[in-house]
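See below for the structure under consideration.
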Amino acid sequence: MIHIILFGPPGCGKGTQAKIISNKFGFIHLSTGMIFRDHMKKKTNLGKLASCYINKGILVPDIITTNMLNIEIQKHFKAKGIIYDGYPRTKNQIFSLEEVLTKFCLGEINIIFYFFIQKNLIINRLLKRGKTSYRNDDTDIMTVQRRIKEYDQETSLIWNNHKWKNNIIKLNASLSVDKISIFIEKKIINLLY
């Protein structure tokens with residue numbers, strides 16, 4: 001099974017590319033944000049818990065996120081591949097993901113696509129998305145800035161370990177959606193064949 005991680009700040013285009021890859025290669029798209037928002041919409045206990053954090057622009061604690069994702073992974077043992085969109089976001093989440101992949105003999109992390117983009121572009125994208133997607137965490141400039149700060153402080157350096165040096169592929173997230181998806185597609189094809 002192929003495991004692909006899309007990593008980068010909020011609003012850099014991870015979700016858009018995850019959908020494209022998922023459709024093209026038949027991989028499962030696991031987005032912690034989408035799963036949480038689905039629970040929030042359905043007003044489940046997990047949704048109520050998650051909304052307390054998400055609407056303030058802060059990360060949902062590892063224990064909640066990891067347990068939820070482990071349940072999702074276990075639904076897809078027969079998949080060709082999984083794209084992780086917005087996960088892992090902490091070093092503990094990396095360890096948990098490796099643990100679950102090892103436990104169920106599902107392989108290992110193959111590629112980490114690292115989306116880099118200027119801060120002012122992210123802020124504009126998120127506020128624009130907030131108007132069309134009805135996501136509370138994208139409508140308020142203070143929340144958006146808090147999310148970016150949280151990413152910079154908590155998340156941006158989690159892959160800074162010699163172990164992942166050969167897995168990380170940097171890409172310029174300010175390029176067009178098509179250019180990025182062609183770039184990603186070529187890298188995945190190289191991995192598959």
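Atom CD1 of Ile180 and atom OG of Ser174 lie 7.5 Å apart (nearest 0.5 Å). Taken from NZ in Lys163 to CD1 in Ile168, the straight-line distance is 12.0 Å, to the nearest 0.5 Å. Once rounded to the nearest 0.5 Å, the distance linking CD1 of Ile35 with CG of Leu46 reads 9.5 Å. A distance of 9.0 Å separates CG of Asp85 from CD1 of Ile21, quoted to the nearest 0.5 Å. Note that OH of Tyr53 and OG1 of Thr65 are 9.5 Å apart. Values are rounded to the nearest 0.5 Å. Rounded to the nearest 0.5 Å, atoms CE (Met1) and NZ (Lys80) are 12.0 Å apart.
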| query | Passes side chain to side chain contact (heavy atoms under 4.5 Å, CB included), Val144 versus Asp140? Steps please. | reply | CA-CA 6 Å; Val144 164; Asp140 175 53; over 6 Å; no

| field | Working for salt bridge (Lys or Arg N to Asp or Glu O under 4.0 Å), residues Glu150 and Arg147 | value | CA-CA 5 Å; Glu150 177 109 343; Arg147 286 170 64 203; over 6 Å; no

| query | Going through the checks in order, is the side chain to side chain contact (heavy atoms under 4.5 Å, CB included) test met by Leu30 and Ile73? | reply | CA-CA 8 Å; Leu30 286 187; Ile73 290 170; 3.9 Å; yes

| said: Run the side chain to side chain contact (heavy atoms under 4.5 Å, CB included) test on Leu6 and Tyr84 for me, step by step, so that the C-alpha distance in whole Å, both residues' side-chain angles and the decisive distance to 0.1 Å come before the verdict. | reply: CA-CA 6 Å; Leu6 304 185; Tyr84 302 86; over 6 Å; no

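Side-chain atoms of Arg146 never come within 3.5 Å of backbone atoms of Ile58 as a donor-acceptor pair (strictly under, hydrogens ignored). Panel note: side chain Thr32, backbone Tyr87; no donor-acceptor pair is recorded below 3.5 Å. Proximity of a side-chain donor or acceptor of Arg125 to a complementary backbone N or O of Gly11 within less than 3.5 Å is detected. Checking side-chain atoms of Gln17 against main-chain N and O of Gly13 turns up no donor-acceptor pair under 3.5 Å. Listed for the Asn161 side chain is no donor-acceptor partner under 3.5 Å among the backbone atoms of Trp164. Without hydrogens or angle criteria, His3 side chain to Leu106 main chain gives a donor-acceptor distance under 3.5 Å. Using modelled atom types, no side-chain atom of Glu99 and backbone atom of Phe95 make a donor-acceptor pair closer than 3.5 Å. Side-chain atoms of Ser96 do not come within 3.5 Å of backbone N or O of Thr66 as any donor-acceptor pair. Put simply, the side chain of Asn167 gets close to the backbone of Asn110: a donor and an acceptor are under 3.5 Å apart. Side-chain N or O atoms of Asp38 include none that pairs as donor or acceptor with a backbone N or O of Met34 at under 3.5 Å.
The aromatic rings of Phe25 and Phe27 sit parallel, their planes meeting at an angle under 30°, below the 60° perpendicular limit. Relative ring orientation between Phe7 and Trp159 is described as perpendicular, the plane-to-plane angle rising above 60° on a 0-90° scale split at 30° and 60°. Taking the six-membered ring where tryptophan is involved, the planes of Phe113 and Phe183 are perpendicular, since the angle between them exceeds 60° and thus also 30°.
For the pair Pro9/Ile148, no side-chain contact is recorded, criterion being any heavy-atom separation below 4.5 Å from C-beta on. Ile82 has its side chain out of reach of Ile2: every pair of non-hydrogen atoms, C-beta onward, lies at least 4.5 Å apart. Side-chain atoms of Asn55 and Met40, non-hydrogen and from C-beta on, do get closer than 4.5 Å to each other. Looking only at side-chain heavy atoms (C-beta outward), Ile169 and Ile184 stay at 4.5 Å or farther from each other. Residues Asn45 and His39 fail the side-chain proximity criterion, which asks for heavy atoms closer than 4.5 Å. For the pair Ile54 and Val60, the minimum side-chain heavy-atom distance is below 4.5 Å. A heavy-atom distance below 4.5 Å is found between the side chains of Ile141 and Ile123. Between Ile109 and Ile5 there is a side-chain heavy-atom pair separated by less than 4.5 Å.
Shown here for Gly8 and Lys14, the closest heavy-atom pair between the two residues is O-NZ, 3.0 Å. The two atoms that bring Leu101 and Gly107 nearest to each other are CB-O, 3.4 Å, heavy atoms only. Contact between Ala79 and Ile28 at its shortest, heavy atoms only, is CB-CG1, 3.6 Å. Of all heavy-atom pairs spanning Cys12 and Ala173, the tightest one is O-CB, 3.4 Å. Closest of all the heavy-atom pairs between Pro10 and Ile122 is O-CG2, 2.7 Å. Residues Gly130 and Thr139 come closest through the heavy atom pair O-CG2, 3.4 Å.
Residues passing the side chain to side chain donor-acceptor pair (under 3.5 Å) test with Glu154: none are found, sequence neighbours excluded.
Between the side chains of Thr90 and Asn92, no donor-acceptor pair is found at a separation under 3.5 Å.
A salt bridge links Lys119 and Asp152; the closest N-O separation between the charged side-chain nitrogens and carboxylate oxygens is under 4.0 Å.
Leu97 and Ile4 end up in different hydrophobic clusters when Ile, Leu, Val, Met, Phe, Trp and Tyr side chains are linked at under 4.5 Å. Leu157 and Tyr114 fall into different hydrophobic clusters, where Ile, Leu, Val, Met, Phe, Trp and Tyr side chains are chained together by heavy-atom contacts under 4.5 Å. Tracing side-chain contacts under 4.5 Å through hydrophobic residues (I, L, V, M, F, W, Y), one never reaches Val177 starting from Ile182; they form parts of separate clusters.
Checked against the 6.0 Å centroid threshold, Phe104 and Phe77 count as a close aromatic pair.
Within 6.0 Å of CD in Glu98 there are more than 12 heavy atoms belonging to other residues, nucleotides or ligands.
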